[in-house]
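Naming convention: chains lettered A, B, ... in sequence-line order (proteins, then strands); numbering from 1 in each chain. Side chains included, hydrogens not; waters and symmetry mates left out as well; all remaining heavy atoms used.
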Amino acid sequence: MQELSIRLPQIPDAAPLEPYEADLLREMYRRMVLIRQFELKVNELFLQGIMPGTIHLSLGQEATVVGACLALDADDVITLTHRGHGQALAKGVSADALMAELFGKETGCCRGKGGSLHVGDMSVGALPAIAIVGASSPIAAGMAFAFKRRQTSQVALNFFGEGTANKGDWHEALNLAALWNLPVVYLCENNLYGVSTHITEAMAIDYVSERAAAYGMPGSTIYGNDPIIVYEAVKSAADRARAGDGPALIECLTYRRGGHKRDDPGTYRPQEEVEAWFKTDPIPAFRDRLLRDDRFAASAIEDLQAAVMAAIDASVDYALASEAPAITSALEHLYVD
Amino acid sequence: MQELSIRLPQIPDAAPLEPYEADLLREMYRRMVLIRQFELKVNELFLQGIMPGTIHLSLGQEATVVGACLALDADDVITLTHRGHGQALAKGVSADALMAELFGKETGCCRGKGGSLHVGDMSVGALPAIAIVGASSPIAAGMAFAFKRRQTSQVALNFFGEGTANKGDWHEALNLAALWNLPVVYLCENNLYGVSTHITEAMAIDYVSERAAAYGMPGSTIYGNDPIIVYEAVKSAADRARAGDGPALIECLTYRRGGHKRDDPGTYRPQEEVEAWFKTDPIPAFRDRLLRDDRFAASAIEDLQAAVMAAIDASVDYALASEAPAITSALEHLYVD
Amino acid sequence: MLTDKPRASPSSSRELTIVQALREALREEMRRDDQVFVLGEDIRIGGSFLFTLGLLDEFGPERVLNTPISEAGFVGLAIGAAIQGLRPIIDFQYGDFIFTAFDQIMQQCAKLRYMSGGQVSIPLVFQLPTGASGRGAQHANSVETVFFGIPGLKIVTPATPFDAKGLFKSALRDNNPVLFCVHKHLYGSRGRQLAASSISRGHVPDDEYLVPLGKGDIKKRGADITLVANGLMLHRSLNVAEALEAEGLSVEVVDPRCLVPFDTELVIDSVVRTSRLVIVEEGNERGGWGSQLAAEIASQAIGYLDAPIMRVAAPNVPVPFSPVLESAVIPDERQIRSAILELMEH
Amino acid sequence: MLTDKPRASPSSSRELTIVQALREALREEMRRDDQVFVLGEDIRIGGSFLFTLGLLDEFGPERVLNTPISEAGFVGLAIGAAIQGLRPIIDFQYGDFIFTAFDQIMQQCAKLRYMSGGQVSIPLVFQLPTGASGRGAQHANSVETVFFGIPGLKIVTPATPFDAKGLFKSALRDNNPVLFCVHKHLYGSRGRQLAASSISRGHVPDDEYLVPLGKGDIKKRGADITLVANGLMLHRSLNVAEALEAEGLSVEVVDPRCLVPFDTELVIDSVVRTSRLVIVEEGNERGGWGSQLAAEIASQAIGYLDAPIMRVAAPNVPVPFSPVLESAVIPDERQIRSAILELMEH
Ligand SMILES: Cc1ncc(C[n+]2csc(CCOP(=O)(O)OP(=O)(O)O)c2C)c(N)n1
Ligand SMILES: Cc1ncc(C[n+]2csc(CCOP(=O)(O)OP(=O)(O)O)c2C)c(N)n1
Ligand SMILES: [Mg+2]
Ligand SMILES: [Mg+2]
């Protein structure tokens with residue numbers, strides 16, 4: 001076993017918040033809290049045996065997905081992974097439709113046909129998730145290709161995990177994107193593990209971003225638990241892409257606050273590593289920064305949190321009250337006329 | 001269209017031959033001539049309409065395949081490509097068995113079941129060729145894996161073209177080989193084109209070897225039309241692999257003296273490029289070096305050439321005289337008992 | 001104009017090969033709809049079967065995209081482009097290489113619409129040379145067979161220039177993924193072998209027409225026995241049927257044209273009349289479309305049969321290179337003829 | 001000892017689940033032959049279905065290899081290792097991910113021996129969890145169906161712990177590539193749903209035994225109708241057959257156990273006795289192994305049938321997530337029962 005400690009977190013100094021508008025900062029925080037509380041609720045519903053299927057929670061990775069999605073425009077698109085709840089909420093999928101989807105209800109964002117592994121909503125630019133590792137990377141390039149052909153100045157962002165960078169589809173996608181100068185951002189959520197497999201057991205280099213050079217694309221590795229850092233990196237990559245300068249690879253170092261999926265205790269992770277990373281929880285860190293800023297009163301933050309909790313409870317009520325799809329719908333939506 | 005001239009050949013100075021044994025040099029030359037004449041004969045047989053199937057000739061790439069294979073031990077193995085005749089002859093597949101295979105005869109190296117796209121002979125360490133671009137790269141890693149597990153100190157060498165480096169299988173293979181430190185040499189015959197597509201139209205970097213770093217493996221680009229240069233590079237990569245230091249990627253710059261396959265005139269190649277590369281023909285260049293060396297008399301070289309011609313004629317006779325496989329053999333060799 | 005059959009067209013009697021018909025269809029559709037584009041390996045110079053010959057000049061490199069050798073990559077890319085409203089056609093050099101993009105097609109392309117509850121559609125056509133043509137096992141797959149069972153795709157296997165053009169235009173205007181599989185011996189591209197039969201070249205009207213997906217066609221009427229065959233096997237079957245006609249046996253030859261959707265009714269109608277069924281396909285006997293057809297007839301029309309359902313197909317081995325072996329494995333006219341005669345003895 | 005049936009074993013009455021039986025088989029074979037090794041994603045901690053749980057401790061990381069997520073890469077690697085005489089087993093988390101390595105299996109693994117004229121052999125076992133288990137369309141494929149038509153592979157679909165162990169050992173000792181497909185609801189791994197039936201746990205002898213590949217097994221004798229089913233569907237079919245027995249209908253239940261080679265004779269023997277055939281499979285109705293079986297019966301034994309051949313299978317759609325929809329699509333006991341009763345009315 002290789003040494004794991006090379007991956008203990010190195011937390012950069014927090015940048016000042018002044019340059020950012022209060023609305024943006026508030027929304028960053030709100031979406032992170034929304035994702036955190038949504039995932040905790042989902043976990044609880046599972047433990048109660050109420051929720052069907054399987055789940056891969058994004059607890060701990062909120063700063064990366066929120067920083068990335070808020071750096072995009074509303075008509076930009078993202079592709080989601082098997083760990084897609086956070087990505088979906090970050091891009092603006094409604095908590096109601098998401099929760100209903102997890103319950104397999106007709107009011108779900110995919111009418112109950114998708115489930116946790118395939119959540120998404122095209123109307124907010126979230127392509128329903130692809131759960132096959134690596135498979136979404138060329139599809140993101142293809143959406144970017146369409147944007148480029150139509151000169152819409154939209155951008156596509158492909159979320160993927162560090163374990164995904166060993167799949168052939170990913171490689172072919174990055175090469176095509178760089179070759180054809182497509183407006184796509186490859187965004188790696190490097191949480192150090194693919195299921196139980198540490199990155200050092202899956203590749204003989206230190207960082208996924210080192211691969212960018214192999215395609216002739218810029219690559220960078222950043223701290224992923226600060227939404228501002230992620231926001232800035234994605235913003236400039238997206239600007240660059242819109243300007244016609246092609247794709248970029250951004251690797252965000254972050255950490256799962258739990259196992260790979262619901263039933264995984266995650267005990268393969270060394271205690272030292274878990275403890276060090278758990279201290280980097282993005283949400284309290286960002287709250288503290290907000291509270292140090294005059295524009296945010298403690299009470300406002302608390303109201304915001306309360307509103308999020310209420311919204312999540314409402315989403316559960318909504319989902320539970322929704323109808324299951326009609327049996328006949330099993331035969332629908334295969335072909336379009 | 002990108003600028004093609006970045007790929008005009010730069011011919012390094014020829015190294016002195018003294019350090020090399022006469023037998024080795026003679027064999028180098030003999031195999032290069034054998035391949036050249038074999039391919040010319042095959043082409044002729046095709047034009048006469050005698051030979052079935054399709055062919056991808058290796059004319060012009062003789063120095064690379066011969067330099068590489070002579071740097072290997074007899075019990076090392078190679079994997080072959082769709083352009084496999086030269087690779088097969090370089091590794092020691094008999095011209096008779098090869099020619100008979102191209103004619104689909106029972107005496108062919110694959111009993112007529114393979115044909116030009118699948119030539120090989122396990123008894124000389126040439127795995128019957130895989131014609132799916134990129135698919136042989138992980139298989140070569142797997143053979144190396146077996147060598148490592150058994151501590152045999154054998155090495156596997158994977159031939160592939162520069163166009164192949166954009167396939168997912170290739171990427172996954174290089175990552176696995178580097179990660180597990182396997183005794184495998186990835187040898188790229190960079191002839192600038194995949195069919196009609198120039199390397200600059202297929203990747204946004206200059207050299208395939210730039211990708212080695214993405215896997216944590218050493219990579220180098222060398223002039224591929226000097227068999228000594230190729231020999232040295234492969235020898236040291238193989239030594240390194242045998243010593244347990246893992247794989248390497250060697251990119252050999254070379255050129256096809258013809259189209260992609262039989263019926264391709266190759267007119268997509270700029271005249272300037274064709275002319276410049278045709279001047280680098282490895283065979284006359286190496287003959288001249290031999291003739292400048294006291295150990296090789298002109299007459300001996302001529303005898304060698306005559307012997308090669310006779311062997312090729314004999315191989316045609318052998319192939320034509322051989323029986324076609326029995327019809328019943330179509331149902332054999334699917335499963336082993 | 002939606003039509004099934006070439007109508008006599010006094011104004012013109014152009015005889016085309018399939019590749020000429022396809023290229024014409026492609027050109028017309030690219031002129032008609034600027035969202036249509038084509039991508040693939042070496043298509044700048046025409047691609048393997050010259051499907052795109054000359055298109056670069058008219059439509060430029062933005063719409064005729066030469067790709068790296070990255071099948072999974074450019075299939076995925078085409079899926080993404082189609083989701084965003086473009087209409088890609090992927091030209092495969094040989095259909096055999098599609099297996100390196102299999103997951104993209106089976107798990108993404110075929111399912112994304114369904115699993116998103118209808119949120120996306122993927123108008124995407126795959127141009128796939130299929131079947132054996134003297135190149136050994138890895139270049140001889142009956143591609144259509146491998147995808148036959150996967151829900152969410154449509155599969156077309158045209159056998160005549162008229163059908164090819166009309167079906168290709170329908171495929172391009174369809175909003176679902178379509179695998180368009182043409183036998184390598186049927187294109188009639190320069191330098192390639194063309195099957196010898198009465199239908200390998202044929203009249204293609206000047207006027208625009210479409211042949212609908214999912215409707216089969218009776219290529220020869222007959223009363224004694226029904227033979228269903230597609231692709232190259234249709235040509236061989238017709239040759240046999242024409243010869244047997246002279247010998248007094250009346251064979252009805254049904255061309256399904258599309259494997260998905262499959263015009264099972266047309267076959268049932270025919271079987272009701274003839275009471276005998278032979279199914280001919282080039283692919284391996286195990287798991288082909290022929291087994292599905294046989295199963296459907298055995299479940300829906302078994303009562304009309306006077307004899308077992310006979311299948312002619314390749315034995316369950318890869319395609320060997322040696323010409324004598326390849327001909328032994330791929331059904332030929334002799335085999336088709338004996339199957340018919342054997343079945344007539346029941 | 002080659003055997004087909006669990007014999008009463010007085011010395012022991014161990015009841016195992018399939019995953020326990022498989023793990024035992026794997027451990028025994030790894031002890032017996034040090035060329036056997038296993039590789040796959042996260043198998044260090046047991047893999048998705050705990051097939052390799054605890055093996056790392058006994059055999060070490062040289063023989064229990066945790067891979068990156070690189071299916072085409074490690075399948076190709078295993079092919080190369082097998083060619084050089086090792087005996088790899090690949091553990092797939094879900095069989096559904098094998099499609100990203102499809103080309104390696106279809107074009108290389110299945111063909112290399114044949115196209116090399118017998119120069120190589122590839123002893124390689126794929127451990128593949130198959131079928132639907134509440135996870136949506138991309139994790140619910142009937143993997144065995146997709147590979148069914150490809151010559152050069154063997155395909156096993158065991159349904160009981162006894163069969164699983166004996167077949168797995170035979171697969172491991174076979175010198176050809178074998179896809180070993182176990183339904184996700186049949187492993188009985190911790191935390192996973194296990195099908196409720198009389199055979200989902202069962203006696204596995206202490207003594208070594210092998211179950212030969214290619215031999216089916218009559219899981220329940222009956223006189224009135226033959227029902228052929230595998231995997232999870234065998235469990236559901238047995239439940240139905242046991243219930244109908246009480247109602248006076250005698251259903252014979254045949255488990256093919258292997259899809260390739262398929263024990264067609266066993267089915268024909270049964271049909272000769274019962275004159276009625278229902279085929280039940282989980283995969284889509286189009287192109288499944290059931291269609292091949294129906295086609296074979298319609299060609300070889302049509303004269304023995306008193307009724308159409310009835311098939312029960314999923315409709316031709318992907319598997320939807322919503323539990324109500326998944327149950328509507330995957331054949332259940334109610335559907336199997338009505339099919340039997342409907343066929344009895346003929
Ligand atoms: C092709 C494929 N192989 C395996 C899996 C099973 N699987 C699901 S998620 C996962 C780990 C992915 O790791 P990473 O890319 O790092 O993403 P993370 O789970 O850490 O977010 C694996 C192996 C899959 N979905 N697809
Ligand atoms: C997966 C796959 N795609 C396409 C092909 C068709 N094809 C055969 S050779 C070739 C070009 C290969 O280029 P390169 O790797 O540079 O090798 P070269 O022909 O130059 O030796 C192509 C596209 C194939 N055999 N396999
Ligand atoms: Mg990860
Ligand atoms: Mg090349």
Side-chain angles (χ1 to χ4, degrees), chain A residues 77 79 101 106 108-115 117-123 127-132 134-150 152 154 156 158 167-177 179-180 182 184 325 329-330 332-337, chain C residues 34-35 37 39 61-63 65-88 100-124 150-154 174-178 213-214 260-261:
Chain A
V77 298
T79 63
E101 187 61 34
E106 174 66 30
C109 49
C110 301
R111 299 174 181 237
K113 284 237 174 73
L117 286 166
H118 304 300
V119 298
D121 179 347
M122 289 299 281
S123 72
L127 180 73
I130 289 170
I132 300 303
S136 63
S137 295
I139 294 177
M143 296 197 294
F145 177 88
F147 300 153
K148 185 177 176 190
R149 256 292 301 285
R150 296 207 169 121
T152 65
Q154 285 160 281
N158 176 236
K167 278 299 283 181
D169 285 22
W170 181 87
H171 164 79
E172 297 189 12
L174 268 79
N175 186 57
L176 282 167
L179 181 69
W180 292 346
L182 303 177
V184 52
S329 84
E332 292 165 6
H333 304 128
L334 184 59
Y335 296 106
V336 59
D337 289 332
Chain C
D34 69 1
Q35 304 305 300
F37 72 103
L39 71 168
E62 296 277 291
R63 296 181 66 197
L65 264 102
N66 213 68
T67 63
I69 310 171
S70 301
E71 284 82 358
F74 62 70
V75 168
L77 184 140
I79 294 170
I83 287 172
Q84 290 298 336
L86 298 184
R87 306 185 75 87
T100 65
F102 190 82
D103 177 78
Q104 283 291 349
I105 297 166
M106 157 133 190
Q107 294 270 55
Q108 278 72 243
C109 191
K111 289 178 181 164
L112 267 170
R113 177 175 179 75
Y114 186 82
M115 70 196 202
S116 70
Q119 290 187 66
V120 301
S121 60
I122 305 180
L124 168 52
I150 301 174
L153 306 171
K154 296 187 178 181
D174 200 283
N175 287 317
N176 300 287
V178 181
L213 303 185
V260 182

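- For A/D337, the part lying under 4.5 angstrom from a heavy atom of chain C is the backbone only.
- Neither the backbone nor the side chain of A/A144 comes within less than 4.5 Å of any heavy atom of chain C.
- At least one donor-acceptor pair closer than 3.5 Å links the side chain of C/Q119 to the backbone N or O of C/S116.
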Side chain to side chain donor-acceptor pair (under 3.5 Å) for A/N158 and A/T79? Distances and angles first, verdict last.
CA-CA 5 Å; A/N158 176 236; A/T79 63; 2.7 Å; yes
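- Most heavy-atom pairs under 4.5 Å with chain C, from the set A/L117, A/D169, A/I139: that is A/I139.
- Only the side chain of A/W180 comes within contact range of chain C, with at least one heavy atom under 4.5 Å from a heavy atom of that chain.
- Comparing C/E71, C/R63, C/K154, C/Q104 by how many heavy-atom pairs each has under 4.5 Å with chain A, the most go to C/Q104.
- At a 4.5 Å heavy-atom cutoff, the contact between A/L127 and chain C is made by side-chain atoms alone.
- Heavy atoms of A/E332 lying under 4.5 Å from chain C belong exclusively to its backbone.
- With a 4.5 Å cut-off on non-hydrogen atoms, C/F37 touches chain A through its side chain but not through its backbone.
- Residue A/V119: no heavy atom, backbone or side chain, is found under 4.5 Å from chain C.
- Listed by chain and number, the residues in a side-chain hydrogen bond (donor to acceptor under 3.5 Å, both in side chains) with C/R87 are C/N175 (sequence neighbours excluded).
- For A/L176, the part sitting under 4.5 Å from any heavy atom of chain C is the side chain, from C-beta outward, and nothing else.
- Using a 4.5 Å cut-off between heavy atoms, A/L182 contacts chain C through its side chain alone, with no backbone atom that close.
- One distance of note links CE of A/M122 with SG of A/C110; it measures 10.5 Å at 0.5 Å rounding.
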